[in-house]
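Heads up, the thing below is written out as C-alpha cells.
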Amino acid sequence: MKNKSYILKSLKFFKDVKIQLIVLALINIVLGIVGFISPIIESKLITSITDSMINNVIFIAIIFLIIKVIEDFFWHFGLTFWKKKVRTKILFSIRKELVDNIFELKLSNFDKYSTGTFQERIKNDPQTIARVVNAGQRYLTQVITKIGVLVYVMCINWILGLIYIAGVIVVAFIDNHIQEISKQKNKITRASDEKVNSLLSEIIRGIRDIKLLNFKNTVKDLISKELDVNNENIIEKDTYDSLMSRFKRIVLFFTVLLVVIVGIKFVDLGKITAANLIVLYLYHGNIFTLMENFSSLRSCLKEYELAVERIFDLCDESKYPKDIYGKTKIKEFKGKISFDNVSFGYNKNKLVLNKISFTIEAKDTIAIVGSSGSGKTTILNLITKSYDVNSGTLMFDDIDINKLSEETIRKNVSIITQSPYIFNMSIKDNLKLVKPNATLKELDEVCRKACFYDYVMSLPKKYDTIIGEGGVNLSGGQKQRLAIARALLKDCKILLFDEATSALDNITQKEIQESIDNISKDYTIIIVAHRLSTIMNCNKIYMLDKGKIIAAGTHKDLLENKEYQKLYKLEIKE
C-alpha cells in the first residue's frame, strides 16, 4: 500500500510534460506500426524473389526502404525530443522537490546519515525515474503493438499462435520469479553504492589531512574493501540477471524451433502456404521481443517503484524528522535567551543536559565552559533549533522557541564554528550569500568590525579574490574573521561561537577576540570555549559538568571555585 501511495504521489513530477509524453507515445505507436508492417513487406519481398517477379521485387524493395527511412526518422526524432523537451524537465521537477525537502529536514539528520545518502538520491534516483519513464513508455507501446502481432499470427494459424502464447506464458512465469529476487539484489546494490559514494566524498574532503597525517594506505585499504564489496554485489546481481536472461532465451529458442517444425508439417499438409510460414517465422522476432518487452516493462516498473520509494522515504518523518516551527513572529527581536528546567539527550535514555535553568539578557556576552561531554555544544544546538528540547522550555524574548516562526529564528541566530564552511567563490560572493543586495559600504563595515578589512585590502583582487574550496587559500583565523563578517552582514541579534578560537595560535586568537570585543555591545553573544583566556572579559561564565550548571559568575568570581581553578591552572601550565 505504501509503494502504491508513493507511485500516485510521483505523478506530480510529470504534470509539466503531459503533452510531451503524449507526443512520445504517438511516436512509439508509429514505430510499433512500422514494426508490425515490416515482416509482411519482407515476406512479400522474399516470395517475389523466389518467384523471380523482378518488377514486384523492385516495387516492394522501394516500399520497404521508405518504411525503414520513416522508422529511422521517428527513432531519431523521438530520442532528440525526449532529451531536449522531456528528460530535463522531469529531472528538474524531481530534484527541486528533493532539494526543497532536504532543506526542511532537521539538522540532526545530517549528523545521523552520511552526505552520500542524500547525494545519491538527488543525483541517481531522479535519473533512474527519467530513464524508466522513457523506456517504460516505449516498452508498453511495443507490448501493445506486438500483442496485435500475436493476434495476426493466430489468424494465420491458431495452433502455431498457441505455441507462441505457450512460450510467452512460460517466460512470464519465470520472469515473475526473477523480478522479485532482482529487486532485492538491486536494493542491496544501491545501498552499497551509497556507502561507497559517501566514503569517496569524505576522502576527497579530507584529502589534505589524509596525506599530511600519512594514513593514505589505511584509507586505500578501507576504500578497496568497500569497493570490493560493492563490486561483488554488482557482479552477483549482473550474473543472476544474465543467467536468467540466457534461460529465458533458451525457452524462446525452443518455442521458435517448435513453430518452424510444426509449420513445415502444416505446409506439407497444405494447411498454410510457404509464404505464410515465412511471415510467421519473420514474426518470431516480434514475439521474441514481446516477451523481452514485457519482461523489461515489469523490470522498469520495479526500478521505478524502488527509486520512488527511496525519494519519498525522505518525506517519512519517522526516518527523517523535519523542522517544526510555530507562526509567531517577533518584529523587534531583542536577543534575550532563557532556559527553564531544560533537559535533553541525543538518546532519550541518556541525558546530556539535566534540568538546567539560566537567563541571558539581550546584548550580554556570556561564556560556557566545562569538560568534553558536559553539554556545552548541546546548548548551542538547542538555541539554533538543530534539536528540540526533551522537556522544559527554551525561550527567546520570553516566547517559547517552538512557537516562533522559522524566519524569526534563522534571521536572528548565527553560529561561528571552529571550522566554518567557506564556499569556493570570491570573498564578496561568500559574504553576499546572506544578503545578496549588500553594498560595498556594508561589506567594508562588517569586515572592519571582524578585523578582516585590512587583509582583504592587501589582496590584488580584494573582494573578488577566489578563496578555494572550503576556504583553502585562507588561514584558520582568516576563515573565522570571514565567518564573523558574514554573520554580521546577516544583521542577526544572537551570535554563537562554538570553540571558534580553539585551533588558533595565540596571536590569531587575540585578533579574533578583538573582533568579538568590537561587536559585543550590539549583540547577545555566547562563547563556548576551552581556553579561559578567551572568555575572561565576559559578563558571566557558566560552568557545566555532566549536564548541570555547577557554577556561574565572572572570571574573578569563579576563581574561588575549585573546578574552575583546575581548568585555569591547567591552561596556565600548558
Q) Side-chain contact, heavy-atom cut-off 4.5 Å: Asp364 with Tyr523? A) no
**Q.** Minimum side-chain heavy-atom gap Lys385-Asn402 below 4.5 Å
**A.** yes
(Q) Let me confirm one number: the CD1-CD1 distance from Ile383 to Ile401, rounded to the nearest 0.5 Å. (A) 8.0 Å
Q) Any side-chain heavy atom of Leu495 within less than 4.5 Å of one from Thr524? A) no
Q.
When you measure from the side chain of Asn341 to the backbone of Gly392, do you find a donor-acceptor pair of N or O atoms at a distance under 3.5 Å?
A. no
Q: Answer yes or no: is there a side-chain heavy-atom contact under 4.5 Å between Asn381 and Phe344?
A: no
Q.
Using 0.5 Å steps for rounding, measure from the CD atom of Gln20 to the NZ atom of Lys18.
A. 10.5 Å
Q.
Taking side chain to side chain donor-acceptor pair (under 3.5 Å) as the definition, give me every residue that meets it alongside Thr384, ordered by chain and number, with sequence neighbours left out.
A. Ser386
Q.
Any heavy-atom pair between the side chains of Lys462 and Met457 that's under 4.5 Å?
A. yes
Q) If you draw a 6.0 Å radius around NZ in Lys12, do more than 12 non-hydrogen atoms from other residues or ligands fall strictly inside? A) yes
(Q) Minimum heavy-atom separation for Asn390 and Gly345, please, with both atom names. (A) OD1-N, 2.8 Å
Q | Spacing of Leu24 atom CG and Lys85 atom NZ [to the nearest 0.5 Å] | A | 12.0 Å
Table please: side-chain donor-acceptor pairs of residues 373-380 below 3.5 Å, with sequence neighbours left out.
from	atom 1	to	atom 2	distance (Å)
Ser374	OG	Ser371	O	2.8
Lys376	NZ	Gly370	O	3.1
Lys376	NZ	Ser371	O	3.2
Thr377	OG1	Asp498	OD1	3.2
Thr378	OG1	Tyr346	OH	2.8

Q. What closest approach, in Å, do Leu382 and Tyr387 show between heavy atoms, and which atom pair accounts for it?
A. CD2-O, 3.6 Å
Q) Under the side chain to side chain donor-acceptor pair (under 3.5 Å) test, which residues partner Arg87, sequence neighbours left out? A) none
**Q.** Inter-residue atom distance Phe339.CZ - Leu394.CG, 0.5 Å rounding
**A.** 4.5 Å
Q: Run the numbers on Lys336 and Asp397 for salt bridge (charged side-chain N to carboxylate O under 4.0 Å, His left out), then give the verdict.
A: CA-CA 5 Å; Lys336 179 181 177 182; Asp397 292 354; over 6 Å; no
Q.
Under the criterion side-chain contact (heavy atoms from CB on, under 4.5 Å), I'd like the reasoning laid out for Cys538 against Ile527: C-alpha separation, chi angles, the key distance, then a yes or no.
A. CA-CA 9 Å; Cys538 288; Ile527 304 170; 4.1 Å; yes
Q. Any side-chain donor-acceptor pair under 3.5 Å between Lys490 and Ser414?
A. yes
Q: Check whether any side-chain heavy atom of Phe358 sits under 4.5 Å from a side-chain heavy atom of Ser338, and report yes or no.
A: no
**Q.** Closest non-hydrogen atom pair between Phe333 and Lys493, with its separation
**A.** O-CG, 3.5 Å
Q: Please say whether more than 12 non-hydrogen atoms of neighbouring residues, nucleotides or ligands are located less than 6.0 Å from NZ in Lys106.
A: yes
Q. Which is it for Phe14 and Leu21 under the side-chain contact (heavy atoms from CB on, under 4.5 Å) test, yes or no, and what are the steps along the way?
A. CA-CA 9 Å; Phe14 314 114; Leu21 289 173; 4.1 Å; yes
Q) For Leu431 and Cys447, what are the C-alpha separation, side-chain angles and deciding distance, and is it a side-chain contact (heavy atoms from CB on, under 4.5 Å)? A) CA-CA 10 Å; Leu431 289 169; Cys447 286; 3.9 Å; yes
Q: Please examine the side chains of Tyr455 and Arg481, heavy atoms only from C-beta on, and report whether any two atoms are closer than 4.5 Å.
A: no
Q) What do the steps show when you test Ile337 against Ile526 for side-chain contact (heavy atoms from CB on, under 4.5 Å), and what is the final call? A) CA-CA 10 Å; Ile337 304 170; Ile526 301 177; 3.7 Å; yes
Q: Kindly state each residue pair satisfying side-chain hydrogen bond (donor to acceptor under 3.5 Å, both in side chains) with at least one member in residues 425-440, sequence neighbours excluded.
A: Ser426-Asp429, Lys428-Asp464, Asn430-Arg486, Lys435-Glu442, Thr439-Glu442
Q: Taking side chain to side chain donor-acceptor pair (under 3.5 Å) as the test, write out the residues that go with Ser391, two or more places apart.
A: none
Q.
Run the side-chain contact (heavy atoms from CB on, under 4.5 Å) test against Leu558 and tell me which residues pass, sequence neighbours left out.
A. Ile541, Ala551, Tyr564
Q: Compare every heavy atom of Phe396 with every heavy atom of Ile494, then report the nearest pair and how far apart it is.
A: CD1-CE2, 4.0 Å
Q: For residues Ile549 and Ser357, report the shortest heavy-atom separation together with the two atoms involved.
A: CD1-O, 3.9 Å
Q) For the side chain of Ser93 and the backbone of Lys89, is there at least one donor-acceptor N/O pair under 3.5 Å apart? A) no
**Q.** Pairing residues for Thr393 by the side-chain contact (heavy atoms from CB on, under 4.5 Å) criterion, not counting sequence neighbours
**A.** Asp340, Met395, Asp400
Q.
Tell me every residue that passes side chain to side chain donor-acceptor pair (under 3.5 Å) with Lys96, counting only those two or more places apart in sequence or in another chain.
A. Asp100
**Q.** salt bridge (charged side-chain N to carboxylate O under 4.0 Å, His left out) partners of residues 538-561, not counting sequence neighbours, each pair once
**A.** none
Q.
Using every non-hydrogen atom in the two residues, find where Tyr325 and Leu404 come nearest and quote the distance to one decimal.
A. CB-O, 3.7 Å
Q: Using atom types as modelled and distance alone, determine if a side-chain donor or acceptor of Asn412 lies under 3.5 Å from a backbone N or O of Thr408.
A: yes
Q: Please list, chain by chain and in numerical order, all residues satisfying side-chain contact (heavy atoms from CB on, under 4.5 Å) with Asp444, sequence neighbours excluded.
A: Leu440, Arg448, Tyr453, Tyr463
Q: Report yes or no: does Thr128 contribute a side-chain atom to a donor-acceptor pair with the main-chain N or O of Ala307 at less than 3.5 Å?
A: no
Q.
Going by the rule side-chain contact (heavy atoms from CB on, under 4.5 Å), which residues pair with Ile19 if we only count those two or more places apart in sequence or in a different chain?
A. none
Q) Got Phe103 and Val99 here, is their nearest side-chain heavy-atom distance under 4.5 Å? A) yes
Q) Hey, what do you get for CZ (Arg95) to CD1 (Ile129), rounding to the nearest 0.5 Å? A) 10.5 Å
Q | Pairs meeting criterion salt bridge (charged side-chain N to carboxylate O under 4.0 Å, His left out) with involvement of residues 403-422, two or more places apart | A | Lys329-Glu407
Q: Verify, without hydrogens or angle tests, whether Thr80 (side chain) and Phe77 (backbone) share a donor-acceptor contact under 3.5 angstrom.
A: no
(Q) Just verifying a value: how many Å separate Ile311 CD1 and Leu306 CG, rounded to the nearest 0.5 Å? (A) 10.0 Å
